[in-house]
Amino acid sequence: QPLAAQSLADPRSLAQFLVDCDIRLIRVEYLQELKRRNLERRPEEAKVCIPRRQEAENFVTFDQKSALVTHSEVLAWAHRMSKKKGPKQRILAISHSWESKQHPDPWNFQLDFMIKEIEKVSEHVFGVFFDYTSLYQWERSPQEERSYRKAMDAVYIIYAHEASYTLCINELTPHVMRLDPKRCGDVMAYDKEDGMPGKVKRVKIEHLDMSKGETGYVNRGWCISELQWSGLRETNVVPEFEEMNHEGQRLWKHLAPLPHDLLRKKLSTQEVKFTWREDMEIVIKSQELAFSSKVKQSDTLHLEELDSEQLDFLGDAVHHYKKMKTLEICNSSIGQAEESVGEAEQSAGGVSQSKCNAMPALTLVSFIRRLNSNHSLRKVILQKCKIGDREVEVLLTEAIDLGNNTWQILNLHDNEIQNSGAVAFAKSISSGKCRLEELILSKNEIQDAGALELARAWKESVLRSKS
C-alpha cells in the first residue's frame, strides 16, 4: 500500500514503514549507558554525546547488543503487539529542538532529559526515535539519501501512530549548564572545512553553527508539526505514560486535529522559524497526508481539555471524519465558548497575551452546527464541559431536534444542567423530535421536578414506540 494509506493503528504497519525506510530505533539501554559513561568518565576524558546515525550503527551496549534496534526485532515487536502477546510497549518518538546545525544536543541536556523521563516508563518503551540517530544525517551516500527522503516523505507516521507516544523536550539547554565545564568541550559532529572533504571529528562547541539555536521550541516549524501529528491520535490519554514531562506533554495532548490549510496559516507567522525555509512545504504536505489518513481510518476520537481555539479547530475538522461513530470531549469549556473571547480581551492579567491573540471568535451555536454536520456520528460524549441549561437549548435547536441529526447516544455526565434543561429535553422527547436511544444526565444539578418531567416524557416515548 502507499504510505499515505497505511494503517495508523496497526503496529505491523508502523514496523513495515520503519523497515522500508531503514529507520532505526535506539535501545533504551544504550541511552542509559551513555549517561553512565559520562558520569563515570575521568576529567581528562571527553564527554560522550548521542551519536549520528551513520556512527551509531557500529556501536554496541555493554552486553554486546547493537545500539540500534534491528529490523527483525521491530517486526517481532509488531507481531507481538498485534496479537496482544506480552506486555504492551510503544515506540517513543522524541520531539526536540536542534541547538546547532551540526549536532542537536551539544551539551547533553536533551540526552539527560530523555533518560530521566524514559526511566519513569521504561518497561513500556520498546525503542526510541530520535531523528539525529534514527535517520541518516548529512553528508549522505546515494543509498542513505534515498532512505532519508523516503522517511521524510511520511515521517508523520511515527508521531501520529496509535502504537507510538511522543515525548516533548520543550526546553533549550539552560545557560548555567552551558557554562558547566563537564558539559563543555568538544562534540563529535560532521564538519566540512573549505576545500576539504567532510568527516566526523571533534568540534569545539563554540565553533558550531548556532544561528537558529536560540529559537524556542514552540516557535520552531518542525516542532509545531510534530505536536500537530501527535495530536491526531484517536486518544490522548495513555495512563502508563502520564508521569512523563507534564508541561511538554500538554503541548500536544490538548490539541484538536488540524487540517493542513490551517497549519499553513499557523506556520506562516513571523514567529515560526525553520532552519531551512523550504522545509515548510514539506511539513504542510506531511500534515495533509497525516490528516487525510487519520480521518479516513478513525471511528473514534477522544479529546480532553480543549480551549476555545482548539474547539474551533475541532469544529472545522469534524466533518472530514467520514467513519467516526464516537466523539468524546472531556474537561473542555464548551459552555463558556461564547464568553471566552470577550473575557480574554477584558482580562489580560488572567490570560496570557499570546493566548488572547490566538483565541478565535467561537460561538456555541457555530460549534454545535459543525458537530451536527458529521452524519456518521452515533455517540457523542460531552463530560465535564460546563454545559448548562442555555447550552441544552442550543444542543436541541441546532442538532438533536433537527431531522438530519444521527446521534443515538448523548452523554452529558458531570455538567451543570438544572431543571430548565431537563424540562427542555422532556419537551423534545414528548414532541417526538428527539430520537436519542440513550440520554445520560448523571451528576448534574437536576432536582426532583426536572427528573420527573424527564421520566414521564421518556415513558411516553417508549409506550409510543411500542404502539
Side-chain angles (χ1 to χ4, degrees), residues 256-257 259 295 298-304 306-308 310-340 360-446 450 453-454 457-458 461 464-465:
V295 299
S298 297
D299 60 5
T300 300
L301 195 57
H302 178 126
L303 301 167
E304 294 204 6
L306 301 185
D307 63 21
S308 80
Q310 297 303 319
L311 286 169
D312 196 23
F313 289 153
L314 175 61
D316 286 337
V318 73
H319 76 276
H320 292 284
Y321 284 79
K322 303 303 182 184
K323 294 183 178 180
M324 184 162 62
K325 303 297 183 186
T326 301
L327 173 63
E328 182 171 3
I329 306 172
C330 299
N331 297 299
S332 303
S333 299
I334 292 175
Q336 295 181 347
E338 287 189 288
E339 290 88 356
S340 58
L362 171 68
T363 66
L364 179 65
V365 171
S366 169
F367 179 69
I368 298 302
R369 282 178 179 172
R370 285 178 287 172
L371 285 193
N372 194 52
S373 71
N374 184 311
H375 300 308
S376 66
L377 262 180
R378 298 294 181 268
K379 183 176 183 179
V380 176
I381 303 170
L382 306 173
Q383 292 188 357
K384 297 183 179 179
C385 289
K386 302 188 186 320
I387 292 173
D389 294 344
R390 185 199 63 159
E391 289 73 39
V392 167
E393 291 290 348
V394 176
L395 280 167
L396 289 168
T397 57
E398 302 299 336
I400 296 167
D401 286 353
L402 299 180
N404 65 348
N405 184 257
T406 59
W407 304 356
Q408 296 173 347
I409 299 172
L410 177 61
N411 185 338
L412 298 175
H413 171 77
D414 202 355
N415 279 288
E416 301 171 1
I417 302 169
Q418 300 180 5
N419 280 354
S420 294
V423 170
F425 270 122
K427 289 180 179 177
S428 177
I429 293 166
S430 295
S431 69
K433 293 179 180 178
C434 175
R435 294 174 299 282
L436 291 172
E437 297 174 7
E438 188 174 343
L439 174 63
I440 299 171
L441 296 172
S442 52
K443 207 174 179 182
N444 274 276
E445 300 171 14
I446 301 170
E453 286 292 323
L454 266 175
W458 202 268
S461 174
R464 190 164 57 242
S465 65

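As the structure is a prediction and not an experimental result, all values here were calculated from the model.
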Does the side-chain contact (heavy atoms from CB on, under 4.5 Å) test come out yes or no for N374 and M324, once each step is laid out? CA-CA 8 Å; N374 184 311; M324 184 162 62; 3.8 Å; yes
Between I329 and L314, does the side-chain contact (heavy atoms from CB on, under 4.5 Å) criterion hold? Intermediate values first, please. CA-CA 10 Å; I329 306 172; L314 175 61; 3.6 Å; yes
side-chain contact (heavy atoms from CB on, under 4.5 Å) between T300 and K379, intermediate numbers included: CA-CA 9 Å; T300 300; K379 183 176 183 179; over 6 Å; no
Please assess I446 against Q418 for the test side-chain contact (heavy atoms from CB on, under 4.5 Å), listing each intermediate value before the final yes or no. CA-CA 4 Å; I446 301 170; Q418 300 180 5; 5.9 Å; no
Starting from the C-alpha separation in whole Å, work towards a yes-or-no answer on side chain to side chain donor-acceptor pair (under 3.5 Å) for D414 and N444. CA-CA 5 Å; D414 202 355; N444 274 276; over 6 Å; no
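The structure places OG1 of T326 at 10.0 Å from CD of Q408, a figure rounded to the nearest 0.5 Å. Interatomic distance, CD1 of I381 versus CG of L410, reported as 9.5 Å (0.5 Å rounding). Here N372 contributes atom CG and I400 contributes atom CD1; the two are 9.0 Å apart, rounded to the nearest 0.5 Å. Here CG of L395 is found 10.0 Å from CG of D401. Values are rounded to the nearest 0.5 Å. Rounding to the nearest 0.5 angstrom, the gap separating the OG atom in S332 from the CG atom in D307 is 8.5 Å. In this structure, the separation between CG on L439 and SG on C434 is 6.5 Å, given to the nearest 0.5 Å.
No side-chain heavy atom of I417 sits less than 4.5 Å from a side-chain heavy atom of E445. Counting heavy atoms from C-beta outward, P259 and F313 have side chains that stay 4.5 Å or more apart. Side-chain contact between L377 and N405: absent, with no pair of heavy atoms (C-beta onward) separated by less than 4.5 Å. In this structure, I409 and V380 have side chains that are not in contact, with every pair of non-hydrogen atoms separated by 4.5 Å or more. The closest side-chain heavy-atom distance from W407 to L327 is not below 4.5 Å. Side chains of F367 and D312 form no contact here, defined as non-hydrogen atoms less than 4.5 Å apart.
Of all non-hydrogen atoms in N411 and Q383, the two that sit nearest each other are ND2-NE2, 3.2 Å. Closest heavy-atom contact between K325 and S376: CD-O, 3.6 Å. The two residues L306 and A256 come nearest to each other via the heavy atoms CD2-N, 4.2 Å. Smallest separation of non-hydrogen atoms from K386 and N415: N-OD1, 3.1 Å. The heavy-atom pair separating P257 from L301 by the smallest distance is CG-CD2, 4.0 Å. Considering every non-hydrogen atom in both W458 and L436, the closest pair reads CH2-O, 3.7 Å.
S442 and H413 share a donor-acceptor pair across their side chains, judged by distance under 3.5 Å alone. Side-chain contact, R369 with S373: no donor N or O sits under 3.5 Å from an acceptor N or O.
With R390 contributing its side chain and I387 its backbone, the two residues share no donor-acceptor pair below 3.5 Å. One N or O on the side chain of S431 and one on the backbone of S428 form a donor-acceptor pair closer than 3.5 Å. With hydrogens and angles ignored, the 3.5 Å screen pairs no side-chain donor or acceptor of S461 with any backbone N or O of A457. Of the possible polar contacts, one joining the E391 side chain to the G388 backbone as a donor-acceptor pair under 3.5 Å is found.
Applying the salt bridge (charged side-chain N to carboxylate O under 4.0 Å, His left out) definition to pairs two or more places apart or across chains, none involves residues 430-439.
For D299, there are no salt bridge (charged side-chain N to carboxylate O under 4.0 Å, His left out) partners two or more places apart in sequence or in a different chain.
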